[in-house]
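Worth saying up front: this structure is predicted, and the values here are computed from it rather than measured.
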Amino acid sequence: MKFYTFILLLLIFPVLTEAQVLNIERERIKTDTTGWSGTGKLSLNLLSNLERFTQVGLNLHVQYKTQRSLYLALSDYEVIKSEKDDFSNKGMQHLRYNYKLNKFLTLEGFTQAQFNKVLNLKFRGLVGAGTRFKILGRDNFRIYSGLAYMFEHEVPQSDAVSVAENNHRLSSYVSFTLKLNSNFSLINTSYFQPRIDYFTDYRIANNLNMVFKITRRLSYALMLEHLIDNRPLKSIPREIYSLRNTLILDFGK
């Protein structure tokens with residue numbers, strides 16, 4: 001592929017690469033009412049010069065809230081392909097349950113399945129449980145932290161030399177949300193995920209999101225993600241990042 005074609009791809013599809021750590025704090029819908037809520041994101045781009053490139057992305061988030069419980073389902077899929085090859089082909093399904101013990105402490109259980117061609121990941125499945133703490137809960141400024149255990153099964157692409165692994169990890173995070181006004185909010189979350197039996201095998205991720213409300217149901221988000229994986233899969237760099245522009249449709253608050 002020609003260099004200038006690659007540059008055009010970066011301009012049309014603003015995804016440099018995709019981090020491995022899901023920022024679940026970004027995906028939570030803040031609402032004080034019980035019942036159903038959700039968001040949907042859809043992107044479709046077509047570029048044709050010496051080759052034809054197609055990008056399709058779909059993200060669905062649905063949650064159901066009661067006085068103490070929260071049920072969350074998150075699906076994400078994206079493919080970027082030419083007439084000859086797939087440059088990006090990834091998908092993820094995440095399910096989570098929260099039970100609120102009191103105004104400061106919440107119990108969490110979750111499971112996730114994903115694949116990602118760019119990250120040389122044929123399949124990763126995980127299941128875990130932990131706690132989430134509210135440090136500060138004001139309307140315009142919120143701080144949360146969490147600590148969880150998770151079991152992870154990871155299978156690299158079939159052409160990789162690496163073999164499948166089963167790992168036990170800790171997942172800790174600190175997240176803050178700053179709402180400057182009714183039309184702009186800033187969300188930052190930092191994760192640390194070491195292997196329990198081998199702490200030098202760790203992931204550090206930072207997710208920064210700036211969300212601008214366009215209408216009551218439509219928002220624009222600029223998302224920057226940075227990941228350090230101290231022991232990545234074969235042929236994957238230790239440090240990766242992504243930058244993306246997204247339109248968010250709120251269909252259920």
Side-chain angles (χ1 to χ4, degrees), residues 14-15 18-45 55-79 90-100 106-116 125-130 132 134 137 139-140 142 144 146 148 171 173 175-179 181-189 191 205 207-225 242 244-253:
V15 180
E18 182 66 21
Q20 301 183 54
V21 180
L22 171 65
N23 182 4
I24 194 63
E25 290 302 299
R26 179 184 66 201
E27 304 299 337
R28 298 180 193 270
I29 299 175
K30 172 64 176 175
T31 175
D32 295 324
T33 59
T34 60
W36 292 97
S37 58
T39 62
K41 308 170 190 176
L42 175 64
S43 61
L44 176 62
N45 296 287
Q55 182 265 346
V56 178
L58 177 64
N59 178 285
L60 292 175
H61 171 193
V62 177
Q63 70 179 39
Y64 180 76
K65 182 179 179 181
T66 67
Q67 291 295 330
R68 286 189 175 270
S69 296
L70 177 68
Y71 304 85
L72 185 151
L74 180 67
S75 300
D76 184 74
Y77 176 73
E78 180 184 74
V79 60
K90 68 182 182 71
M92 183 271 299
Q93 177 69 54
H94 182 92
L95 302 174
R96 181 170 294 248
Y97 172 71
N98 285 9
Y99 184 78
K100 187 175 181 179
T106 299
L107 300 180
E108 294 191 310
F110 55 89
T111 184
Q112 180 175 307
Q114 67 183 121
F115 63 91
N116 193 316
L126 60 88
V127 61
R132 182 172 185 254
K134 180 195 291 186
D139 290 338
N140 61 342
R142 301 189 299 272
Y144 290 88
S171 179
Y173 68 85
S175 175
F176 75 82
T177 300
L178 175 62
K179 189 174 182 181
N181 53 53
S182 60
N183 296 319
F184 175 73
S185 59
L186 185 70
I187 306 168
N188 190 86
T189 308
Y191 287 87
N207 301 268
L208 177 63
N209 302 272
M210 291 177 284
V211 182
F212 303 85
K213 184 175 287 294
I214 301 173
T215 68
R216 181 171 174 267
R217 296 294 186 184
L218 186 65
S219 300
Y220 161 77
L222 178 63
M223 304 176 180
L224 174 63
E225 301 181 353
S242 70
R244 66 172 63 233
N245 304 282
T246 305
L247 288 176
I248 305 172
L249 176 63
D250 175 5
F251 58 80
K253 280 188 182 179

**Request:** Look up atom CG in Asn98 and atom CZ in Arg132, then write down how far apart they are to the nearest 0.5 Å.
**Result:** 6.5 Å
**Fill in**
Between the CG atom in Leu74 and the CG atom in Asn59, the distance rounded to the nearest 0.5 Å is 5.5 Å
**Fill in**
Scanning both residues in full, the closest heavy-atom pair of Arg142 with Asp139 reads NH1-O, 3.7 Å
**Message:** Nearest 0.5 Å, please: how far is OG in Ser37 from NE2 in His61?
**Reply:** 6.5 Å
**Prompt:** Hey, are the side chains of Leu178 and Ile187 touching, using non-hydrogen atoms and a 4.5 Å cut-off?
**Reply:** no
**Item:** Min side-chain heavy-atom separation Lys90-Asp76 under 4.5 Å
**Value:** yes
**Request:** Evaluate the ring planes of Phe110 and His94, with Trp represented by its six-membered ring, and classify them as parallel (under 30°), tilted (30 to 60°) or perpendicular (over 60°).
**Result:** parallel
**Note, Phe115 side chain near Tyr77 side chain (heavy atom, < 4.5 Å)** = yes
**Request:** Report the distance from atom CE of Met92 to atom CG of Asn116, rounding to the nearest 0.5 Å.
**Result:** 10.5 Å
**Minimal non-hydrogen separation, Arg96 against Glu108, with atom names** = NH1-OE1, 3.0 Å
**Prompt:** Just wondering, do Gln63 and Leu70 contact through their side chains at under 4.5 Å, heavy atoms?
**Reply:** yes
**Message:** Ignoring hydrogens, what is the shortest heavy-atom contact between Asn181 and Asn183? Give both atom names and the distance.
**Reply:** OD1-N, 2.8 Å
**Message:** For a side chain to side chain contact (heavy atoms under 4.5 Å, CB included) check, start with the C-alpha distance between Asn207 and Asn209, then their side-chain angles and the critical distance, and finish with the verdict.
**Reply:** CA-CA 7 Å; Asn207 301 268; Asn209 302 272; 4.2 Å; yes
**Request:** Quick one: closest heavy-atom pair of Leu95 and Ala73, and the distance?
**Result:** CD2-CB, 3.7 Å
**Asked** If you round to the nearest 0.5 Å, how far is CG of Leu126 from OG1 of Thr111?
**Response** 6.5 Å
**Asked** Side chains of Ser171 and Tyr191: does their closest heavy-atom pair fall under 4.5 Å?
**Response** yes
**Prompt:** Just how far is it from atom OH of Tyr173 to atom OH of Tyr144, taken to the nearest 0.5 Å?
**Reply:** 9.0 Å
**Prompt:** Which pair of heavy atoms, one from Tyr97 and one from Ser69, lies closest together, and at what distance?
**Reply:** OH-OG, 2.8 Å
**Asked** Without hydrogens or angle criteria, can the side chains of Tyr99 and Thr106 be said to hold a donor-acceptor pair below 3.5 Å?
**Response** no
